[in-house]
Structure formats: structure tokens, C-alpha cells
Amino acid sequence: MTTRMFGAPVQRREDARLLTGGGRYLDDLGHDALAAAFVRSPHAHARVLDVDVTDALDVEGLVAVYTWEDLPERVRDPLPLLIPHPSLVAPRTGYALARGEVNHVGEPVVMVVATDRYVAEDVAERIAVTYEVLPPVVGVAAAREAVHLVHEEAAGNVGAHLVQGYGDAGAAIDAAPHVLELDLDVERSACVPLEGKGVYAVWDTDEQSLRLWSSTQTTTGVRAAVAAKLGLPLAKVECTAPDVGGGFGVKIMHPWPEEVLVPWAARLLERPVKWTEDRREHFVSSAHERQQLQHVRVGFDDEGRVLGLDVRLWHDHGAYIPYGVIVPINSSTQLLGPYKPGAYRVEFWSLYTNTVIVTPYRGAGRPQGVFAMERTMDAIADHLGLDRADVRAANFIQPEEMPYDFGLTFQDGRPLVYDSGDFPASLRKLKDLVGWDGFEEQRARARAEGRRVGIALACYVEGTGPGPYEGGHVHVETSGRVNVSTGLTSQGQGHQTILAQIVADELGVPFEDVHVTTGDTRRFGYSVGTFASRGAVMSGSAVALAARRVRAKALRIAGDALEADPGDLEVVDGVVRVKGNPGASMPLGTVAVLSNPLRYAFDDTARAATQFAAGGRGPDEPPVAPGEEPGLEGRDYHSPLRSTFANGMHAAVVETDPETAEIRVLRYCVVHDCGTMVNPMIVEGQILGGVAQGVGGALYERMHYDESGQLLNASFMDFLMPYATEVPPVETDHLETPSPLNPLGIKGAGEAGVIPAAALFASAIEDAEGFRISRMPISPSELFHLRERFAAGEVPALRRGGPAGAAPATPATPATPAPSDEGA
Amino acid sequence: MPEQVLPVALTVNGAAHRVQVPSRRLLSDCLRHDLRLTGTHVGCEHGVCGACTVLLDGVPVRSCLVLAASADGAEVTTVEGLGTEEALSPEQQAFRECHALQCGFCTPGFLTTVRAYLDDHPDPTEEEAREAVAGNLCRCTGYQGIVRAVLRAAEIRREREVAP
């Protein structure tokens with residue numbers, strides 16, 4: 001009997017190659033290609049007055065220099081607005097090369113092509129650009145004040161504005177027994193994959209066609225965008241994602257200026273051209289995320305049940321808004337988490353600033369939304385003197401209320417309806433895992449030793465696997481080899497493994513016989529891309545459906561050949577056989593031979609399918625049966641009604657040093673529900689990786705812009721990503737509530753780990769310190785200064801008291817204005 | 001002015017190479033683009049991420065901070081020199097078993113680092129294993145599998161020593 005692969009912690013198919021130096025990432029291709037480099041703006045906001053290339057022209061190895069004026073129609077037009085939305089009031093996108101104006105440090109102004117990257121940078125260094133510096137808008141507060149504008153046509157720096165909700169939140173809050181207000185602040189961070197972006201283009205003059213490789217999360221998107229920009233038929237452009245060294249969202253944004261310019265130059269010069277982003281370029285010209293200011297007004301009853309919730313979000317989207325409003329929509333809808341406020345109103349303003357653009361980073365707006373809601377839950381618990389877990393439980397949507405329809409619209413344009421989940425069960429598991437109920441004894445022991453510890457938990461719900469669709473193609477060769485292809489791309493999620501697991505089971509073939517290709521438009525042209533935790537949900541479902549088609553076809557053909565009813569056949573270990581009569585059987589490879597009647601024999605297997613061979617279909621039947629196609633292959637698509645909602649809850653125990661304010665993570669516990677798991681080892685890997693990014697985002701990482709719009713920490717020396725010594729061991733437990741929205745019951749797991757971390761650490765540090773934390777991330781020096789301000793009575797105390805169990809320095813007030821002048 | 005070009009002799013993974021390189025060419029670029037050994041990856045070009053770590057005469061170095069010309073006469077070991085797909089080295093096998101890689105971009109730098117570390121410290125504690133890889137950045141895994149893999153690699157090395 002074939003071992004069932006679905007659900008097994010199978011070791012990855014990708015690994016042997018990647019471990020031995022056999023990976024092929026973008027810069028591993030095209031060693032002899034010309035190299036591109038860019039002159040980028042050193043100013044956050046400026047007019048470009050002049051570009052002088054005189055000094056650069058005699059550099060040996062220079063091939064070409066381009067400015068915006070050199071670009072032809074379409075290439076010189078603004079880059080596309082990828083996701084139009086009615087809330088966009090003043091959508092502006094950038095140009096491939098600056099057109100007279102720059103709006104952030106790092107914006108490309110001049111493109112250089114040379115024989116290698118060293119020379120290209122020599123040239124770039126000698127190009128003199130004259131700017132007239134304009135006043136920059138940096139940070140959400142400055143954008144909201146709108147003393148200066150980023151774009152004159154965007155009044156108040158507002159790019160988009162949206163109100164959603166249900167019920168009358170204002171009236172519900174006014175009528176509630178208790179009301180609190182919170183001001184909250186989340187700073188900028190970014191995906192920062194270890195491999196930056198890159199693009200390599202080869203123009204075939206003879207065929208008038210373009211081959212394109214990009215370190216992207218969507219090859220179909222890049223292909224279509226480049227074909228449109230270059231005025232080429234889609235049939236003349238093919239795009240492949242080679243191995244991609246991490247994405248986390250930044251590579252779903254497309255087309256980047258370089259993705260348009262490199263292919264354009266390759267065609268113009270009739271030479272292969274490559275651009276590999278360097279680390280500084282990644283910091284100042286790829287995308288960031290996370291920054292928001294938030295105001296929450298909440299009304300609740302004596303049990304902490306939320307009767308009305310009114311949230312305002314001011315979202316920083318940077319210099320342009322090519323990816324639309326996906327991030328603030330996620331914040332504003334996923335803020336609700338596992339809870340059901342009696343009435344809800346959310347309003348967001350998406351604001352222009354003279355900083356790098358903002359597009360989804362793993363979690364994509366959810367960490368900020370969860371921050372707002374979980375800070376609110378903690379504030380309610382503290383106000384009422386209730387256990388933080390109990391307040392959350394009082395607000396949970398119950399399992400029997402699923403599917404739960406909020407009456408809102410999610411980021412996929414579909415209704416916000418939770419399909420399944422058991423939040424009370426998840427909470428029980430988490431409390432057991434972390435030892436929630438016994439923590440006060442632990443705290444007392446720590447206090448006795450002069451140590452400060454704090455505990456917290458945070459919950460989230462995550463819409464995953466949005467449509468519109470993904471497809472899969474499964475092809476059985478006459479050798480029995482099974483080729484699977486899907487259009488979406490891979491950045492380390494183990495798609496080659498999990499998709500092979502799914503197909504092996506569906507088809508009844510050995511796992512080793514299944515070979516998966518992702519992100520190559522030559523193999524599969526219809527796809528959306530890898531983002532929003534959709535790989536397993538969407539392509540997993542699609543390849544399962546495609547494999548079912550192939551299996552059904554194999555049974556039809558084998559049924560004819562074996563003179564058996566297809567219903568009496570099974571496929572085991574790659575062999576079709578009559579149930580209960582293993583003697584009557586044929587390998588799938590032979591079925592593949594029979595599926596494709598031939599005229600010409602080129603090997604022994606082919607001979608069996610030729611027109612004078614024995615067997616085959618009768619003289620009064622066509623060689624290919626009506627309704628069939630030659631070949632043992634099948635294609636199908638998964639297009640779900642709407643997103644499926646995964647969920648999870650995290651808990652942490654932290655210790656803060658009474659002297660240095662250093663923050664140490666003692667425990668980190670995760671309970672996660674992503675429906676049925678294809679490969680628990682890979683799911684765990686996704687969660688652990690997400691948690692590490694969450695820890696980084698909460699305690700270490702921030703994009704540090706100064707008031708002139710210079711990014712001060714644009715290197716790994718100054719942008720502090722966690723090393724192994726900064727990430728705590730993570731304890732995990734799982735719950736599996738299958739999704740009813742796809743054939744395998746799966747939900748996405750890619751982003752989950754990162755989502756609640758900022759909210760969680762804010763709560764845990766607050767619990768250790770005894771005063772409110774309203775801004776994340778938080779560094780030891782910021783905590784130190786908060787302590788000083790707390791001692792001076794400038795920061796409100798928790799009602800439940802401080803680290804020494806002392807009475808609060810100031811009484812809690814219904815309104816809790818946030819300190820927001822800490823750090824930079 | 002034409003660039004100064006220097007002859008450089010390197011022994012890489014046991015094979016002798018002679019290349020002509022501009023004096024400013026980085027060892028990482030020389031390995032990757034002149035010798036086409038693309039297993040060594042470049043993640044930051046300022047010596048922080050560790051993805052480009054190779055062994056120079058047995059010592060782990062950031063090849064993005066070494067000029068190719070200054071490595072003249074040296075023995076270099078890259079990830080390609082540790083093992084093959086058919087015969088994974090103990091470090092490679094351990095990383096696979098422990099799911100210590102996802103995108104695989106940082107992995108070669110971890111593997112060379114771990115190789116050199118275990119040569120000197122064949123039996124690390126978990127804490128020591130964590131410290132051993134604490135100079136390399138990984139953005140995918142959260143490091144838990146990597147730390148486990150260091151311990152597992154030490155175990156596999158011992159198993160292989162015992163086995164004939």
C-alpha cells in the first residue's frame with residue numbers, strides 16, 4: 001500500500017540541491033551579461049534640474065546612460081496602479097526613472113549600463129545631478145498635519161480614505177458603562193530578504209522574443225506588465241523566477257522600475273542585461289511597511305464585552321501608492337480578530353510621505369490591526385481588574401457561530417466571513433502551554449529575587465488563500481515520471497515538497513516520481529502569485545484537482561485496456577490495477593503510452609502506441625476517443641468563494657532588567673490553527689520564521705528616518721535584524737479545524753507567526769513594568785526613558801500595579817493619551 | 001585609465017585555478033563569476049550577514065570583505081567543497097534533517113561556518129551551538145532548526161567516525 005504523504009513531516013525535495021551550492025538565484029545567472037546600476041536620489045523631495053554625464057563618458061566599459069527623456073512611450077509613462085480601489089482619492093505612482101521630481105531618497109534618476117557592475121558604478125559616481133531641494137514630509141504625524149505636501153494634487157497628503165463598519169458604534173460607545181480611548185503608534189519595518197531583488201533579460205533578435213528572469217513573487221504579473229510596457233505580444237515574453245532568496249511580500253510588488261528598464265535596455269542594445277540589487281539599494285528603494293498612528297475609542301460592559309468600537313488609522317504609504325490600499329484594508333478588517341464587537345466603525349487615511357513606498361510585508365497590515373485590538377483588550381482588562389485572558393474569552397466568536405459574517409468587505413473584495421475556527425479551544429491550549437494560571441506564583445518568586453517578569457497573550461485571525469484563482473497541471477510521462485506545474489512562485493516555502501505530497505496521494509504514485517515546477521510562465525501561464533499565505537491553499541488545491549482529472553482519465557484508459565469497469569480500478573504505487581486482482585494491472589507509464597496514439601516509434605514504449613501495434617482502439621473508433629485529448633495529463637483551477645481564515649494565539653514571558661532595561665524573552669508559546677496540515681514540519685518552519693520576524697519587529701527593527709528624509713540605518717550594521725542569540729526557543733501546539741472552502745481543508749500558514757508579536761511584547765513588557773506601552777517597537781533605551789517618565793508621572797500606570805506591587809503613581813484615567821515623542 | 005589586472009592562483013575545493021582579476025575584485029565575485037562557483041552568496045557586501053562565508057586556509061572569512069588578489073596562494077573551501085547531493089556532508093545532512101533552511105540563500109554561509117566550528121569544537125552544548133552561528137543572519141527559519149542542526153551535525157560526524 002502506498003504510504004500516505006499528506007500530513008507527514010516529509011523532508012524537503014529542495015534541500016539537497018540548495019545545501020550543496022546547486023541553488024540558482026538571480027545573480028547566479030547571466031555571468032556575461034551587461035550590468036545595470038542606478039543613480040538614485042540623495043534627497044527626499046526635490047526637483048531634478050540637470051543631469052550632466054560629461055565626466056562619465058570616457059569610462060572604459062560604459063555602454064549606455066539613460067534618463068527619463070530617453071525612454072520611449074509607455075516605458076516613460078507612470079508605473080501601473082496595480083490594485084485600483086474606490087477609496088483611492090489621489091493615486092500617484094512613480095516613473096521608471098524620475099521625471100523632473102524625486103519623492104524619496106533612493107528613487108532612480110539615471111540608469112547606467114556597462115560591461116560589469118564595478119564599471120557601471122564607476123560611471124554612476126561620475127554623473128552629476130543638480131537638484132532643487134523641496135521641503136520633505138517625513139512620518140505620519142507630519143503627513144497628517146500637511147504643512148507641506150508630497151504631491152500637490154493630493155490635498156492633505158491623503159492618497160486614500162475609507163470608512164467601514166456595522167451597527168452604530170458611536171451610539172453604542174456613548175451608551176456603554178465604560179469607555180476608554182487609546183492612542184497607539186507602530187513604526188516602520190521591512191521584509192529584508194537575504195537576497196535582494198534582481199532582474200536579468202535576454203532579447204532574442206532572431207525570434208523577436210524576450211526571456212526574463214526576476215527574483216519575484218509573481219512571474220505572470222511581471223510578464224504581463226513588461227509585455228504591456230514594451231508593447232510586445234504576451235506570446236513573445238516569458239518570465240521565470242529562479243530560486244528566490246526570500247520574499248516576505250516585497251517581491252509581490254511589481255513591476256519595479258528595474259523590471260521594466262532592464263528588459264527594455266536588453267532589447268534596445270540586443271545584449272543580455274542584468275541588475276542585482278545591493279543591500280543599500282534594498283533599504284532605500286524597495287518597499288517598507290507597518291507605520292501607522294491609531295486612535296481607538298471603545299465602550300464595554302462590566303465583563304469586558306465590547307459594545308462599540310471606533311478606530312481611526314493614519315497609514316503611511318510612502319511616496320507613491322502602486323499597490324493600492326491592501327495594507328490598511330487588512331489592518332482595518334483583521335483588527336477584529338477572534339472577537340465580535342457589538343458595533344464597529346473604522347476609518348483610515350492612507351497618507352503620502354517622502355519615504356520609500358509601502359507594500360505588504362508578511363502580515364500585511366494585520367500586525368498593526370492586531371496591535372490596536374489587543375492593546376484595547378489589555379486596557380479593558382486592566383480598567384476592570386479582570387484577567388486579560390478572560391476578557392478576550394468574553395468577546396470570542398463561538399465555534400457554533402461559524403461561518404461568521406461581519407458584514408464588511410475584505411481585501412479580496414469579498415465578504416469578511418470566517419469559515420471555521422475554535423477560539424475557546426485555542427485559548428485553553430495556549431493557557432495550558434504557557435502555564436497562564438500559575439504565573440502569579442512565578443512572578444512572586446521572581447519579585448523575591450529582585451527580578452521583573454511579565455506575561456501576555458495575543459490573538460489574531462488571518463484571512464489566507466485569497467483568489468481569484470490558481471491553476472495546476474499534472475502530466476504523466478511514458479516513463480512514469482509525473483510533472484506538476486503551477487504558476488505561483490516559491491521563496492523557500494517548500495512548494496516542491498508539499499505539492500508533490502498532494503499529487504502523490506491523489507494520483508497514487510511514489511513521492512519520488514513527482515517533480516514540481518513553480519513560477520515559470522513557459523510551463524503555466526495563468527497565476528496570480530505567492531502572497532497572503534495562499535501557496536498551499538490555492539496551488540495545493542489546484543494541483544489536487546488536476547491530479548484527480550489525470551487519475552480519472554488513467555482509469556478510463558486502463559479500464560478499456562484491462563476490460564474492467566473504471567470503478568473497479570485503483571492506482572497504487574504508480575500501477576493501475578483491478579481491486580482484489582493485482583494480476584490485472586498496468587503501470588501508469590503504460591497508460592500514458594496508450595493515451596497518446598502515435599505514428600512514429602522512437603523507442604520501445606513508443607512502439608506500443610503506433611498504428612500497427614497490437615491492441616489499441618477498434619477500426620470504427622477514432623484513435624483518440626471523443627472528448628479526450630492525447631496524453632495522460634490534466635489541468636484544473638481552484639477559485640474559492642472567498643478567503644479562508646486561519647487563526648492563532650501567542651503567549652510570551654519576558655524579563656526586564658531593573659537597571660539596564662534590557663528585555664529578555666523567557667518563553668514564547670504558539671497555538672496555531674491553519675486547518676489540515678500538508679506537512680507539519682514545513683508549517684512549523686513557517687511559524688518559527690514568522691515569530692523571529694515578529695521578535696525583530698517588536699524589539700529591534702525600525703526604519704530610522706531623520707527629519708530630512710534620510711534613512712539613517714540603511715545597512716545590516718545599523719538595522720538590527722535578530723541573530724540566533726536574539727530569537728527565543730518557540731514552543732508550539734496546533735489545532736486543525738478544516739476549511740470548508742477548498743478540497744483539502746487547508747488554510748494558509750505563511751504569515752501567521754509574525755502577526756501578534758508587537759501586541760504581545762507590548763503587553764508582556766507592560767505587565768512587567770506596570771505602566772502603559774503604546775508604541776512599538778521598543779528598545780531598552782526607550783524602555784529606560786519610559787521608566788523615567790513614569791516616575792515623573794507622565795506615563796499612566798496600570799491599575800493592577802507596578803513591578804514591586806506598588807500602588808500606581810497616577811490613577812488610571814478613562815482616556816490614555818500616548819507618549820509619542822520617544823525615540824526618532 | 002585601464003584597470004590594474006593581477007594574476008591570482010587559488011586552490012578552491014582542491015582544484016587549482018589561475019585567474020586574471022582587477023585588483024579591486026572581491027573574492028566573492030571572483031568565486032561566483034570568474035570560477036562560476038555560485039554556491040557562495042552575497043547578502044550585504046559589508047560583512048554582516050555571513051552568507052558569503054568561505055574557509056580561507058581553513059578559517060571562516062567573509063569573502064565579500066576579502067580582495068581576490070589578497071587570497072593569492074590560498075586554499076579556499078566553499079559550500080560546493082563540503083559534500084555532494086549524493087553524499088551530503090554531516091553539516092548538510094543535519095540541516096536537511098532539522099529543516100534548518102527555507103529559501104537556502106543564507107545556508108552556504110552557515111554550512112561553512114559550522115564546518116569550521118565543529119572542526120575545533122566537536123561536541124558543543126546547545127548554548128555553544130547557538131553562539132557558533134550567531135554571526136550569520138537568516139530571515140526565514142527563526143534559527144531553531146539551525147541550532148538543532150549544529151548539534152545533529154556533531155552527532156553525525158561522530159557516527160561517521162565510528163562507522164567504517
Side-chain angles (χ1 to χ4, degrees), chain A residues 9 11-12 14-25 27-28 31 60 116-119 191-196 243-248 276 278-280 490-494 681-682 684-693 695 715-717 721-727 729-730 753, chain B residues 1-3 22 24-25 29 32-34 36-49 51 78-86 88-89 91-93 95-97 99 101-108 111 130-147:
Chain A
Q11 285 186 19
R12 299 199 322 165
E14 293 87 341
D15 286 356
R17 192 170 57 80
L18 299 178
L19 284 164
T20 51
R24 287 293 175 270
Y25 301 84
D27 191 50
D28 303 340
H31 295 285
E60 195 179 316
D116 75 17
R117 179 62 176 258
Y118 291 72
V119 177
C191 305
V192 200
L194 260 288
E195 181 205 30
D243 288 312
V244 172
F248 313 114
T276 306
D278 72 23
R279 187 49 58 187
R280 182 175 158 76
S490 301
Q491 302 85 40
Q493 300 93 335
M681 179 191 82
I682 287 176
E684 176 126 331
Q686 289 293 311
I687 291 169
L688 297 183
V691 168
Q693 275 180 319
V695 169
S715 86
F716 280 165
M717 275 177 279
M721 297 206 318
Y723 287 96
T725 35
E726 279 72 54
V727 179
V730 180
Chain B
M1 195 180 72
E3 279 190 89
R24 63 177 171 172
R25 194 156 182 81
D29 285 336
R32 291 175 44 72
H33 299 306
D34 296 329
R36 306 283 161 103
L37 292 169
T38 53
T40 298
H41 299 149
V42 177
C44 69
E45 285 183 295
H46 46 255
V48 181
C49 77
T78 69
V79 68
E80 288 94 342
L82 299 184
T84 63
E85 283 196 47
E86 296 70 33
L88 294 176
S89 74
E91 304 81 20
Q92 290 164 331
Q93 184 187 328
F95 268 62
R96 181 179 189 172
E97 288 178 13
H99 190 30
L101 68 155
Q102 288 180 24
C103 81
F105 194 80
C106 69
T107 311
L111 292 170
R130 191 172 285 275
E131 284 291 336
V133 293
N136 290 56
L137 284 171
C138 169
R139 195 59 163 167
C140 293
T141 64
Y143 301 106
Q144 204 150 312
I146 294 177
V147 173

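Here is the naming used below: chain letters follow the sequence lines, and residue numbers restart at 1 for every chain. The structure displayed is predicted, hence computed values, not measured ones.
A/Arg24 touches chain B through its side chain: at least one heavy atom from C-beta onward sits under 4.5 Å away, while N, CA, C and O do not. The part of A/Tyr25 that comes within reach of chain B is its side chain, from C-beta onward, which places non-hydrogen atoms under 4.5 angstrom from that chain. In this structure, the portion of B/Leu88 lying under 4.5 Å from any heavy atom of chain A is its side chain and not its backbone. For A/Ile687, no part lies near chain B; criterion is any non-hydrogen pair under 4.5 Å. Looking at B/Leu82, there are no atoms closer than 4.5 Å to chain A (heavy atoms on both sides), in backbone or side chain. If you measure heavy-atom distances from A/Pro722 to chain B, the contacts under 4.5 Å come from both the backbone and the side chain. For B/Asp34, no part lies under 4.5 angstrom from a heavy atom of chain A. Of the two parts of B/Glu86, neither the backbone nor the side chain holds a non-hydrogen atom closer than 4.5 Å to a non-hydrogen atom of chain A. Proximity to chain A (any heavy atom under 4.5 Å) is shown, for B/Glu80, by both the backbone and the side chain. Contact of B/Glu45 with chain A is made through the side chain alone, with heavy-atom distances under 4.5 Å. Interface residue B/Thr107: only side-chain heavy atoms are found under 4.5 Å from chain A. Interface residue A/Asp28: backbone and side-chain heavy atoms are both found under 4.5 Å from chain B. Looking at A/Glu195, the atoms closer than 4.5 Å to chain B (heavy atoms on both sides) sit in the backbone and in the side chain alike.
The side-chain heavy atoms of A/Gln686 and B/Gln102, taken from C-beta on, include a pair separated by under 4.5 Å. In this structure, the side chains of B/Phe95 and A/Asp15 stay at 4.5 Å or more apart for every pair of heavy atoms. Side-chain atoms of A/Ser715 and B/His46, non-hydrogen and from C-beta on, do get closer than 4.5 Å to each other. Within the 4.5 Å cutoff, the side chain of A/Asp27 has no heavy atoms near those of the B/Val42 side chain. When side chains are defined from C-beta on, A/Tyr723 does not count as touching B/Asn136, because their heavy atoms never get closer than 4.5 Å. Under the 4.5 Å side-chain criterion, counting only non-hydrogen atoms from C-beta, A/His31 is in contact with B/Thr38.
Here the straight-line distance linking atom CD of A/Glu14 with atom SG of B/Cys103 works out to 11.5 Å at 0.5 Å rounding. Taking SG of B/Cys140 as the reference point, atom CG of A/Leu194 lies at 7.5 Å (rounded to 0.5 Å). Once rounded to the nearest 0.5 Å, the distance linking CD of A/Gln491 with CZ of B/Arg139 reads 14.5 Å.
A/Arg17 contributes no side-chain N or O that, together with a main-chain N or O of B/Glu85, makes up a donor-acceptor pair within less than 3.5 Å.
Of the listed residues (A/Gly247, A/Pro9, A/Cys191, A/Gly494), the greatest number of heavy-atom pairs within a distance under 4.5 Å of chain B belongs to A/Cys191. Between chain B and the options A/Leu688, A/Asp116, A/Val695, the largest number of non-hydrogen pairs under 4.5 Å is found for A/Leu688. The candidate with the highest count of non-hydrogen atom pairs below 4.5 Å against chain A, out of B/Gly135, B/Gly81, B/Ser89, B/Cys138, is B/Gly135. Ranked by heavy-atom pairs shorter than 4.5 Å toward chain B, the options A/Asp278, A/Ile682, A/Thr276 are led by A/Ile682.
Between B/Tyr143 and A/Val727, the shortest heavy-atom distance links the atoms CD1-CG2, 3.7 Å. The two residues B/Phe105 and A/Gly245 come nearest to each other via the heavy atoms CB-CA, 3.8 Å. When all heavy atoms are compared, the tightest approach of A/Gly21 to B/Val79 is CA-CG1, 3.7 Å.
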